[in-house]
Amino acid sequence: MEPVRHRLARLVEESVKRAQAAGALPQVALPEITIERPHNPDHGDYATGLPLKLARSAGMNPVDIAQRLVEHTAAAEEIDPPEVAPPGFVNFRLSAGWLKEQVGTVLAEGEHFGDVAVGNGESVQVEFVSVNPTGPVHIGHGRGAVLGSTIANILQAAGYDVQREYYVNDAGNQMDSFYRSLYTRVAQALGHDVEMPEDGYQGAYMIELAQEVIAESPVESLVMERKEEATRELGARGLDKMLAAIRDDLGSLGVHFDLWFSEQTLFDTGQYEEAMEVLKKEGYLVQREGATWLASTSLGEDKDNVLVRSTGVPTYFASDIAYHRNKFVERGFQRVIDVWGSDHQGHVPRLKAAVGALGIDPDRLTILLSQLVTLRRGGEIVRLSKRTGEIITLQEVIDEVGADVCRFYLLSRSADSQMDFDLELAKTESQDNPVYYVQYAHARIASILRLATERGIDFSNGDISLLDHEAEQALIRRMLQLPELVETMAENLEPHHLPHYAQELATAFHWFYKQCRVISDSHPELTAARLKLVDASRTALARTLHLMGMTAPERM
RNA sequence: GCGCUUGUAGCUCAAUAGGACAGAGCGCAGCCCUGCGAAGGCUGAGGUUGUGGGUUCGAUUCCCGCCAAGCGCACCA
């Protein structure tokens, strides 16, 4: 459904024009008309400060402007007559009649309630997590996973054609190190005296991985006789297992991808060469000190960046450029959103500059950075390092606190700010946990609907015009915020509003529940009307939870 | 040194592109189940939005300085 806000903006614009035509307002240019939601309920459901913005250019008192605006506002079914409020606001209140009708709209839209048509089918790729497959994912990756998958859900709800993608860094230095580490662990497991490379992955999970690889098929003869071949062969198996483990871990967090894109294929299919060719043709490649550099300085950067090392091995940056060319040129995504950890922030301007150098508008690329997550257990900080092997995996966190709790917590803070994730808190608070509060509301709703079914109550003909109680209308108001929220989140890519909205929606339901008896033998008509409202609440709350990638439990 | 992000109630965080009296949860002090789920509802206390300037009808929000925290400034990814 279209957010009411748009309708109001058109209404205001019309009233200005009407007032101008009637000579009540001077013919001044209009700023963008913004419709905002007042904090104070006394100020109505929506408001515009347009008169305040017009005051100077119109040379009039803002209250007078507001007055004339109101006088020239056409009647609309959505709202009561607008009101003027000093120092120059126009306040709008949704009409009770229209509000009640929206229960029917919500029910009709069902699982699609919350959808808005702003994307127009534009193709957007959301690439997220993309952890090097050299070790298990941890809570920091979990944050990116939750952020990326929720943004993808939101964009889909907003009418975009969304692709979820994981970029598999299966080429390059870290992969080599991973292969050699695995080889070492396998050799050690077979009783050979082999030293772990200095840059190797020391984590205990590599020992387990080695065991799994060995268990799969005998490798003994390979290991000592043909070391290089063994490293490659074992590495390929290890990579598959590691990727499968990552896929499982993310899957248990409700995160799924449409495509796992292999970095190596960029080299195998010549796309890497093509990208470098384009840069060369455009004059952005410079040879210096035996290496090939991207002339980033000519693109406004403060230093150039190496693309091909003097050893002839391309850097990560080089393949990333080829990857992004693939996204935009080969696959034709109109927009691309990358979700990265904040430790990659330095890479952002470089990549955007490089994308520009490829002749692609850099504004089509959005890079979101999620700040660090510090894992705590009680007061103790739990360090995360793949190298030293001290790691608490995402899977362990999920096992401990549950996927829904994990998602809700990771989502509730703005990606821009650092956060602590306290395992003890997530568990010990579980009684008064906001996650349970929200899900409890859904379970309660489900329980009411179950009871209605048990008693054989048919509320399909319920008369929603009977919903006159303050708490009923407050609940409807809250539900109607969802499409509006989807729209703004699709634009600002800030999904942390979702958990907050979910709590507000749950509160509105609990308040309604407290004040309004739903199923009552003595008032069958009101019962039917209220059951419709309850059903609509279930729809809105379930959709909110699903957008967050959470479950909407029927029972708890 | 330069750059990015952050600084809001005792704690954890909001504030929907500059709006009206800065809001939630937890914690704290109380109140409410002889009917649909008390994992619930209600009331109260709690703030000089790090700090000093500026922009304007209006600033938590925009600009500048300072202070503090995290991250980044590789022929690592």
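Note that the structure is predicted; figures quoted are calculated from it, not measured. Numbers restart at 1 for each chain; the letters A, B, ... are given by sequence-line order, proteins then strands.
Nucleic acid contact for A:S310: base, since at least one base atom lies under 4.0 Å from a heavy atom of the residue. If you check every strand for non-hydrogen atoms under 4.0 Å, A:E491 touches a base. Nucleic acid contact for A:A441: none, since no nucleic acid atom lies under 4.0 Å from a heavy atom of the residue. Heavy atoms of A:M489 sit nowhere under 4.0 angstrom from any nucleic acid atom. Nucleic acid contact class of A:E554 (heavy atoms, under 4.0 Å, all strands): base. Contacts of A:A291 with the nucleic acid, taken as non-hydrogen atoms under 4.0 Å apart, include base atoms. Residue contacts for A:A452: at a heavy-atom cut-off of 4.0 Å it reaches no nucleic acid atom on any strand shown. If you check every strand for non-hydrogen atoms under 4.0 Å, A:R56 touches sugar and phosphate atoms only. In this structure, A:D521 reaches neither bases nor backbone, as no heavy-atom distance under 4.0 Å exists between it and the strands shown. Note on A:L451: only backbone sugar-phosphate atoms sit closer than 4.0 angstrom, heavy atoms only; bases stay farther off. Within 4.0 Å of A:S414, counting heavy atoms only, lie sugar-phosphate atoms of the nucleic acid but no base atom. Among the atoms of the strands shown, only primed sugar atoms or phosphate atoms (P, OP1, OP2) are found under 4.0 Å from some heavy atom of A:H496. Residue contacts shown for A:K53 include a base, since a base heavy atom lies under 4.0 Å away.
The side chain of A:P434 has B:rG25 as its nearest neighbour among B:rG25, B:rU16, B:rA39. Residue A:E494 places its side chain closer to B:rA15 than to any other of B:rG70, B:rA15, B:rA39. Looking at the side chain of A:Q503, the nearest of the listed nucleotides B:rG25, B:rG37, B:rG40 is B:rG25. With B:rC36, B:rG40, B:rG19 as the choices, the nucleotide that has an atom nearest any side-chain atom of A:Y513 turns out to be B:rC36. Of the listed nucleotides (B:rA74, B:rC36, B:rU16), B:rA74 has the atom at the smallest distance from the side chain of A:K303. Candidate nucleotides B:rA77, B:rG37, B:rG19 were compared by shortest atom distance to the side chain of A:T315, and B:rA77 ranks first. Listed candidates were B:rG41, B:rG25, B:rA39. Nearest to the side chain of A:Y440 is B:rA39.
Rounded to a whole Å, the CG atom of A:L54 is 14 Å from the P atom of B:rC57. Atom CD of A:Q345 is separated from atom C1' of B:rG72 by 4 Å (rounded to the nearest Å). What separates NZ of A:K514 from P of B:rG41 is a distance of 9 Å, to the nearest Å. Taking atom NE2 of residue A:H497 and atom P of nucleotide B:rC13, one finds them 15 Å apart after rounding to whole Å. Taking atom CG of A:D416 as the reference point, atom C1' of B:rU61 lies 14 Å away to the nearest angstrom. Regarding A:F421, its CZ atom lies at a distance of 22 Å from the P atom of B:rG70, rounded to whole Å. Remark: P of B:rG72 and CZ of A:R350 are 13 Å apart, rounded to the nearest angstrom. In this structure, CD1 of A:I367 is placed 13 Å from C1' of B:rC4, rounded to the nearest angstrom.
Nucleotides B:rC42 and B:rC33, compared at atom P, are 16 Å apart to the nearest Å. Atom name C1', nucleotides B:rU48 and B:rC32: the rounded distance is 37 Å, in whole Å. Comparing the same atom, P, in B:rC2 and in B:rG46 gives a spacing of 43 Å after rounding to whole Å. Nucleotides B:rG25 and B:rC21 are separated by 23 Å at their P atoms, to the nearest Å. Across B:rA38 and B:rG70, the matching C1' atoms stand 42 Å from one another, rounded to whole Å. As rounded to the nearest Å, B:rA15 and B:rA45 have C1' atoms that lie 22 Å from one another. Using C1' as the reference atom, B:rG23 and B:rU60 are 12 Å apart when rounded to the nearest Å. B:rA68 and B:rG50: their C1' atoms are spaced 8 Å apart (whole Å).
Atom CZ of A:R450 sits in a crowded spot, with more than 12 heavy atoms from other residues, nucleotides or ligands closer than 6.0 Å. Residue A:E470 places its CD atom among 12 or fewer non-hydrogen atoms of other residues, nucleotides or ligands, all under 6.0 Å distant.
Under the 6.0 Å cut-off for aromatic ring centres, A:H497 and A:H500 do not qualify, their centroids lying 6.0 Å or more apart. Between A:H510 and A:Y437, the distance from one ring center to the other falls under 6.0 angstrom. A centroid separation of less than 6.0 Å is found between the aromatic rings of A:Y323 and A:Y167.
Taking a pair to require two hydrogen-bonding distances under 3.5 Å in either a Watson-Crick or a G-U wobble arrangement, B:rA29 pairs with B:rU43. Partner assigned to B:rC36 is none, using Watson-Crick or G-U wobble distances below 3.5 angstrom. A 3.5 Å limit on both hydrogen-bonding distances identifies B:rG54 as the Watson-Crick or G-U partner of B:rC62. Nucleotide B:rG1 forms a pair with B:rC73, judged by Watson-Crick or G-U wobble geometry with both contacts under 3.5 Å.
By the stacking rule of 5.5 Å between ring centres and under 30° between planes, A:Y437 does not stack on the base of B:rG25. Stacking here means ring centres nearer than 5.5 Å and ring planes tilted less than 30 degrees, and by that measure A:H43 stacks onto B:rA20.
A donor and an acceptor atom never sit less than 3.5 Å apart when one is taken from the side chain of A:D343 and the other from the base of B:rC71. Donor-acceptor pairing under 3.5 Å, judged by distance alone, is absent between the side chain of A:S447 and the base of B:rC36. In terms of polar N and O atoms assigned as donor or acceptor, the side chain of A:N40 never comes within less than 3.5 Å of the base of B:rA22 in a complementary pairing. At a cut-off of 3.5 angstrom, counting only N and O atoms as typed in the model, there is no donor on one side facing an acceptor on the other between the side-chain of A:E504 and the base of B:rA24.
A cation-pi arrangement is present between A:R350 and A:F317 under the rule of less than 6.0 angstrom and at most 45 degrees off the ring axis. Annotation: cation-pi geometry not satisfied between A:R5 and A:Y46 (NZ/CZ under 6.0 angstrom from ring centroid, within 45° of ring axis).
Of the possible polar contacts, none joining the A:H141 side chain to the A:V129 backbone as a donor-acceptor pair under 3.5 Å is found.
Taking 4.0 angstrom as the limit, A:N173 places a side-chain polar atom (N or O) nearer than this to OP1 or OP2 of B:rA77. Close to B:rU5, at under 4.0 Å from its OP1 or OP2, lies no side-chain N or O of A:S370. Close to B:rA20, at under 4.0 Å from its OP1 or OP2, lies a side-chain N or O of A:H39. In this model, the phosphate group of B:rC42 is approached by a side-chain N or O of A:W511 to a distance below 4.0 Å at OP1 or OP2. Between B:rA17 and A:R5, a contact under 4.0 Å exists linking OP1 or OP2 to a side-chain N or O.
Looking at A:T150 and A:L547, their side chains never come closer than 4.5 Å, going by heavy atoms from C-beta outward.
The heavy-atom pair separating A:V534 from A:F509 by the smallest distance is CG2-CE1, 4.3 Å.
Residue whose closest nucleotide on RNA chain B sits further toward the 5' end, between A:G290 and A:T48: A:T48. If you find the closest nucleotide of RNA chain B to A:P87 and to A:F317, the one lying nearer the 5' end belongs to A:P87.
Look at B:rC66: its glycosidic torsion is beyond 90° from 0, and that puts it in the anti range.
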